[in-house]
Amino acid sequence: MWGRILNLVVKELQQLRRDRAAKFRLLIPTLVQLFIFGYAATFEVYNVATIVLDQDHSQESRELVARFAGSGRFQIVETANSAADVRRAIDHADAVVAIVIQAGFADDVRKGVSAPAQVIVDGTNSNTALIALSYVSRIVADYAQEMEQDLSRRTRAGARPPPTVTLESRPWYNVDFNSRWFFVPGVIATLTLIMIVNLTSFAVVREREVGTLEQIMVTPIRPLEFILGKTIPYFLVGLALVVVIAGVGTLWFQIPFRGNPLVLLLGTALYLLCVLGIGLLISTVCKTQQQAFATNFFVINPAFILSGFSFPIASMPDFMQWISTINPMTYYLVVIRGTFLKGVGLEVLWPQMLALAGLGIVLLASSVLRFRKSLD
Amino acid sequence: MTDAPSRPAVEVRGLTKRFGARTAVDSLGFACAAGEVFGFVGPDGAGKTTIMRLLAAVMPPDAGSIVIEGVDAVREPERVRSHVSYMPQRFGLYEDLTVDENIAFFAELFGIRRNDRDARAARLLAASGMTPFRKRRAGQLSGGMKQKLGLTCSLIHTPKVLLLDEPTAGVDPVSRRDFWRILYGLRGEGVAIVVATSYLDEAERCGRLGLMREGRMLYCDTPSALKALMPGEILAIAAPAPRAARDVVASLEGVGGAILMGDSVHVVVDGAARRLGAIEAALAAANVPFDEIERIAPSIEDLFVSLLTEKAE
Ligand SMILES: Nc1ncnc2c1ncn2[C@@H]1O[C@H](COP(=O)(O)OP(=O)(O)O)[C@@H](O)[C@H]1O
Ligand SMILES: [Mg+2]
């Protein structure tokens, strides 16, 4: 039995080595995804076009504007003379953010009363707007706090400054909300899904199409041996893929890896069971590689969206949330981000591991059963 | 293999397979002894491929029994497979693997030891003139060479029963001759060969023939016995416009059927001497030119047309 399986595995890897198209299918998406999620897909916002209307012309107002400019997040593209200028700049999309400092700002700051400053944001791109707004409030809050301390020092010279209580939101694990940290480990899950589902389903469907499947089935091989012979090579390819992406992520993109590699390995192995099951299942319902291609697309995309890779599951409708609970990628992402960024181990991740194991068993078992049927 | 085997290598009774409302194979019964070549002939859709797949236990029948080398193939398909080799209409080769790698792969699936495999592969490849191409990828072989490689892969485990589905379809004449030389060699070794074909010259090479139409075996006998069954006689009309000639004679009295054979028409008549005059007259009346008309011995093809059209009426 093992001789026959080994024979299949060797043949499969031999074919993969010679299949230029398959090598391209492996390499190109990996590079593209790493590149996109490492560099382009970012939650961070830099150099937001900003217009300033300073009606106070005081040192304090200039100081506030300088802080905006100095943060790197905002780029002052224009200094307005009137509210009409601001309106025009936002309407024409010359600026996304407008900072309006009204007359009397400095006086109010010096007196310690609430000082009037206004921020207008173009909400057309809600993502950028929200992110920009959060930077605005951070810069303003820092400024206000310093002013307050400064003020109290001056008014009560010699006395201890009054205890000021400020609420500081501090995101754990990813202090700067660095989206690269968030995305690049996630790419492991998406790429493995795409690659392994494609490779597995194509490998089986191709044999069906070319006629080698029928040929093999008239030899003494058993269906289970065939399935093992088909899945073991792609399990190995999947592991290699994870190692490569994790390597690039930590070495090139400087993503921290704080957890235990063995925990990630276990999660990866369980996830690969699920992914191989999906690929085999697809191969049992498709007669041609064309059909397999279309079916893969319809399976992979929802899996991608309903996984929490980029869209939070908690804000989805109930039905979508339910789907995400049977999506192996949901759990694997928790394992990946947990091991990379949080450094947690099995004591935290065991529910995800159990879920992956359960899904893997169900998917593989049903694909084996369906595969037997599809031979007739 | 001189001692006559007490039981045939393949024994089939009441074999029936339905696809939905269509009965692809209808209560088929036949037997094939060791060292015999049994041929199934019939037009497309007659059920030949279905028979082969049933015998190979690729799919289960709806009714009937198949016993191969004493093993019930319906109940124990896995056990039967080590005795049987099935070569489908299009042998599934791995086109990105070389000739040698394909052979090694199939040998391994049958658990053949390396030495046995190498010796046997060398002999089979030599017999089919494939030795110079052992390192070539299967995808770069010609159609005939692909079929011969398929046969080599099928024979690598010395099966007792060989099932061939239209093995020489689209194969050049030289490869075809190689192919049959190997088959005759196997027959000599006592292999039972069941072959489906739509080439009638190939059918003449078989020991016995089953004539299939719409899932039913209408006749089953040796080629010469079948020819003797032939009602009537054959007249060959050599004509520059054979199609027109056929149309003229087909409807004449006493004509059982007329088929095109190259640039002549073969006409089945109830009596050659009796109908010759009428045929000549009809052709002349219709202004269809012809060179000569002679009586010939029937080929399998004539027989086939005659028997099948007769049954249809
Ligand atoms: N897998 C199948 N599903 C449905 N119908 C089939 C299948 N295989 C064969 N048939 C039908 O059974 C009949 C016999 O086909 P086949 O055995 O391929 O004939 P042949 O090989 O003599 O051309 C045909 O009408 C064909 O359409
Ligand atoms: Mg056929």
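Letters A, B, ... mirror the listed sequences (proteins, then strands); counts begin at 1. Note that the coordinates shown come from a computational prediction; the quantities given were computed from them, not determined experimentally.
For A:Asn7 (side chain) and B:Phe105 (main-chain N/O), a donor-acceptor pair under 3.5 Å exists by modelled atom type. Side-chain N or O atoms of B:Arg81 include none that pairs as donor or acceptor with a backbone N or O of A:Ile221 at under 3.5 Å. At distances below 3.5 Å, not a single donor-acceptor pair connects side-chain atoms of B:Glu108 with backbone N or O atoms of A:Arg4.
Proximity to chain B is absent for every atom of A:Leu6, based on heavy atoms less than 4.5 angstrom apart. When heavy atoms are compared at a cutoff of 4.5 Å, A:Gln15 approaches chain B by way of both its backbone and its side chain. Residue B:Phe91 touches chain A through both its backbone and its side chain, counting heavy-atom pairs closer than 4.5 Å. Interface residue A:Glu207: only side-chain heavy atoms are found under 4.5 Å from chain B. Residue contact with chain A, scored on non-hydrogen atoms closer than 4.5 Å, involves the backbone and the side chain of B:Ala56 alike. Of the two parts of B:Arg137, only the side chain, counted from C-beta on, holds a non-hydrogen atom closer than 4.5 Å to a non-hydrogen atom of chain A.
Within 6.0 Å of CZ in A:Phe298 there are 12 or fewer heavy atoms belonging to other residues, nucleotides or ligands. Sparse packing is recorded around CZ of B:Arg216, with 12 or fewer heavy atoms of other residues, nucleotides or ligands lying under 6.0 Å away. Within a 6.0 Å radius of CZ in A:Phe253, other residues, nucleotides and ligands contribute more than 12 heavy atoms. Other residues, nucleotides and ligands contribute over 12 non-hydrogen atoms within 6.0 Å of the OH atom of B:Tyr184. Atom NZ of A:Lys23 has more than 12 heavy atoms from other residues, nucleotides or ligands within 6.0 Å. More than 12 heavy atoms of other residues, nucleotides or ligands lie within 6.0 Å of CD in B:Glu78, so this atom counts as buried by the packing criterion.
A 4.5 Å side-chain heavy-atom check between B:Leu109 and A:Ile216 finds at least one atom pair inside the cut-off. With a 4.5 Å cut-off on side-chain heavy atoms, A:Thr212 and B:Leu93 do not count as touching. Counting heavy atoms from C-beta on, the side chains of B:Pro88 and A:Gln215 come closer than 4.5 Å.
Shortest non-hydrogen contact noted between B:Leu97 and A:Lys11 is CD1-CG, 3.5 Å.
If you tally non-hydrogen atom pairs under 4.5 Å between each of B:Tyr86, B:Tyr94, B:Phe110 and chain A, the highest count goes to B:Tyr94. Contact count versus chain A (heavy atoms, under 4.5 Å) is highest, among B:Glu95, B:Gln89, B:His157, B:Arg90, for B:Arg90. Taking A:Pro220, A:Gly211, A:Gly3 one by one and counting their heavy-atom pairs under 4.5 Å with chain B, the maximum is reached by A:Pro220.
We find the CZ-CG distance between A:Arg17 and B:Asp96 to be 11.0 Å, quoted to the nearest 0.5 Å. Here A:Met217 contributes atom CE and B:Met59 contributes atom CE; the two are 16.0 Å apart, rounded to the nearest 0.5 Å.
Salt bridge status for A:Arg18 with B:Glu101: present, with a side-chain N to carboxylate O gap under 4.0 Å.
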